Amino acid sequence: MVQQDKAKGIAIVTGAARGIGAACAKALVEDGWSDILLCDLNGELLEETAQKLHNSGARITTLAGDVTAADFMDRMIEACDGKPVAAAVHAAGVAPKMVDTAGMLEINWESALAFTHAVKPRMADGGAVVLIASNTSYFPIDEELKDIFERPLSAGESAAYAERVGNSFAGYLLAKRGVRALAKSEAVAFGEKGARIVSVSPGLIDTEMTQDRETDTIQKMINEAAIKRVADTSELAAAIAFLLSPKASFITGCDLLVDGGETAGMGYQ
Ligand SMILES: NC(=O)c1ccc[n+]([C@@H]2O[C@H](COP(=O)([O-])OP(=O)(O)OC[C@H]3O[C@@H](n4cnc5c(N)ncnc54)[C@H](O)[C@@H]3O)[C@@H](O)[C@H]2O)c1
């Protein structure tokens, strides 16, 4: 039967203090989600972001913590107070210049895996998960490494590849390939629970991560794109809110590129 209504339960957003995560929290409130758990490492900024949403009438709760901490996912599930997970966005992540390769794989890949495993058994019927990948996951890379990251990895496994991966930019590309592969490989298991899982691959979005616009990579992406500008976070959040809504009830196990045609312009598959 075609799903008509929103799934019943709580919505979770990680990386919610700023950037894409904060925009998703706002979009979910605007879309009528009434019970939302916001998570981030930066507890102070998270409270400020939550404060702006309190007047909406939605029930907003917060959880400060590091998504890579051993106990974080248990704390997150505990904060859901026994409610099923109706919508979940994993937006916590870092840019290559912020961490070394092992840290990159741990935050941008391992935490996506842990997040997916944590919410899977608790998904509401009709619920959906959005993992944030990146359109850099379509950039060409070493075939051998591609084979590694495009198969489902197990928890802790990616760290073993840090040395082979090289620098943290390469780590970023591979971590995001891993995220895309994760949404695909988990789709059937989520389907068995009546739930969906997708990844979204943003292009250049106006956040802290993209303030340094003079780099060759960013200039190339803008110059060759179909839409030659950086996007507002609200443009990405609108696509994510759609994917979490019943309007996207037949969309699962795939990746949505929201990149203004950067990948198309650069000729990547
Ligand atoms: N901005 C872009 O152009 C762009 C493009 C493609 C993909 N992405 C991806 O989108 C996601 C969000 O990026 P953004 O641009 O909003 O960045 P951002 O830096 O503005 O926000 C990231 C948020 O994640 C939080 N965070 C970082 N590490 C954490 C950890 N270990 N535990 C808990 N929270 C943590 C930060 O405190 C911050 O609030 C990232 O995964 C990023 O790779 C961004």
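Atoms within a ligand are numbered from 1 in the order they appear, just like the ligands themselves. The residues of the chain are indexed from 1 along the displayed sequence. Only a predicted model underlies this, so the values are computations on that prediction, with no experimental measurement involved.
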Those atoms of ligand 1 less than 4.0 Å from some heavy atom in A17
39 (O)
Residue-ligand contact A133/ligand 1, heavy atom below 4.0 Å
yes
Shortest protein heavy-atom distance from atom 9 (C) of ligand 1, along with the residue and atom involved
I132 CG2, 3.7 Å
Check each of I218, T210, L204, V94 against atom 28 (N) of ligand 1 and report the one with the nearest heavy atom.
V94
Backbone or side-chain N or O of K176 under 3.5 Å from ligand 1 N or O:
yes
Taking N or O atoms only and a 3.5 Å limit, does I20 qualify as a polar contact for ligand 1?
yes
Do P202 and ligand 1 have an N or O pair less than 3.5 Å apart?
no
Ranked by distance from atom 38 (C) of ligand 1, the top protein heavy atom is D40 OD2, 3.5 Å
Identify which of A23, G93, G103 has a heavy atom lying nearest to atom 26 (N) of ligand 1.
G93
So for atom CG, which belongs to D147, do other residues, nucleotides or ligands contribute more than 12 heavy atoms lying within a distance under 6.0 Å?
yes
Which ligand 1 atoms does G19 reach within 4.0 Å, using its non-hydrogen atoms?
16 (O), 20 (O)
For atom 3 (O) of ligand 1, the protein heavy atom that lies nearest, with its residue and separation
I205 N, 2.8 Å
With distance as the sole test, does K228 use its side chain to make a donor-acceptor pair with the main-chain N or O of N223 at under 3.5 Å?
yes
Check each of T14, I12, I132 against V89 using the side-chain contact (heavy atoms from CB on, under 4.5 Å) test, and report the only one that passes.
I132
Regarding ligand 1, does I107 bring an N or O atom to under 3.5 Å of one of the ligand's N or O atoms?
no
Once rounded to the nearest 0.5 Å, what's the spacing between atom OG of S199 and atom CG of L256?
8.5 Å
CG/N42 to CG/D66 distance, rounded to the nearest 0.5 angstrom?
12.0 Å
T136 side, atom OG1; L204 side, atom CG - distance, nearest 0.5 Å:
9.5 Å
Return the residue, atom name and 0.1 Å-rounded distance of the protein heavy atom closest to atom 32 (N) of ligand 1.
V67 N, 2.9 Å
Does any non-hydrogen side-chain atom of L63 lie less than 4.5 Å from one of F72?
yes
From the candidates R18, M104, Q211, the one that places a heavy atom nearest atom 20 (O) of ligand 1
R18
Ignoring hydrogens and geometry beyond distance, is a side-chain donor-acceptor pair present between T68 and E110 at under 3.5 Å?
no
Under 4.0 Å to a heavy atom of G65 - the qualifying atoms of ligand 1, by number:
32 (N), 33 (C)
Is there a donor-acceptor contact under 3.5 Å from the side chain of R75 to the main chain of A64?
yes
Going by an N to O cut-off under 4.0 Å, is there a salt bridge joining E30 and K26?
yes
Before signing off on this row, confirm whether L41 and ligand 1 have an N or O atom pair separated by under 3.5 Å.
yes
For D259 and Y138: C-alpha separation, side-chain torsions, deciding distance, then whether side chain to side chain donor-acceptor pair (under 3.5 Å) applies.
CA-CA 11 Å; D259 78 340; Y138 290 81; over 6 Å; no
Close-contact set for ligand 1 against D66 heavy atoms, below 4.0 Å:
30 (C), 31 (N), 32 (N)
Of all protein heavy atoms, the one nearest atom 1 (N) of ligand 1 is T207 OG1, 3.0 Å
Main chain of D5, side chain of Q3: is a donor-acceptor contact present, judged purely on distance under 3.5 Å?
yes
Below 30° counts as parallel, above 60° as perpendicular, anything between as tilted: where do the rings of F139 and Y268 land?
tilted
With only distance considered, is N42 within less than 3.5 Å of ligand 1 through an N or O on each side?
no
Using a strict cut-off of 4.0 Å, indicate which atoms of ligand 1 neighbour a heavy atom of G203.
2 (C), 3 (O), 4 (C), 5 (C), 6 (C)
With nothing but distance in play, are any N or O atoms of Y172 less than 3.5 Å from an N or O of ligand 1?
yes
With heavy-atom distances below 4.0 Å as the criterion, list the atoms of ligand 1 near A91.
11 (C), 12 (C), 40 (C), 41 (O)
May I ask you to say whether D35 pairs ionically with K8, meaning some side-chain N is under 4.0 Å from a carboxylate O?
no
What is the closest protein heavy atom to atom 17 (O) of ligand 1, and at what distance does it sit?
M209 CE, 3.4 Å
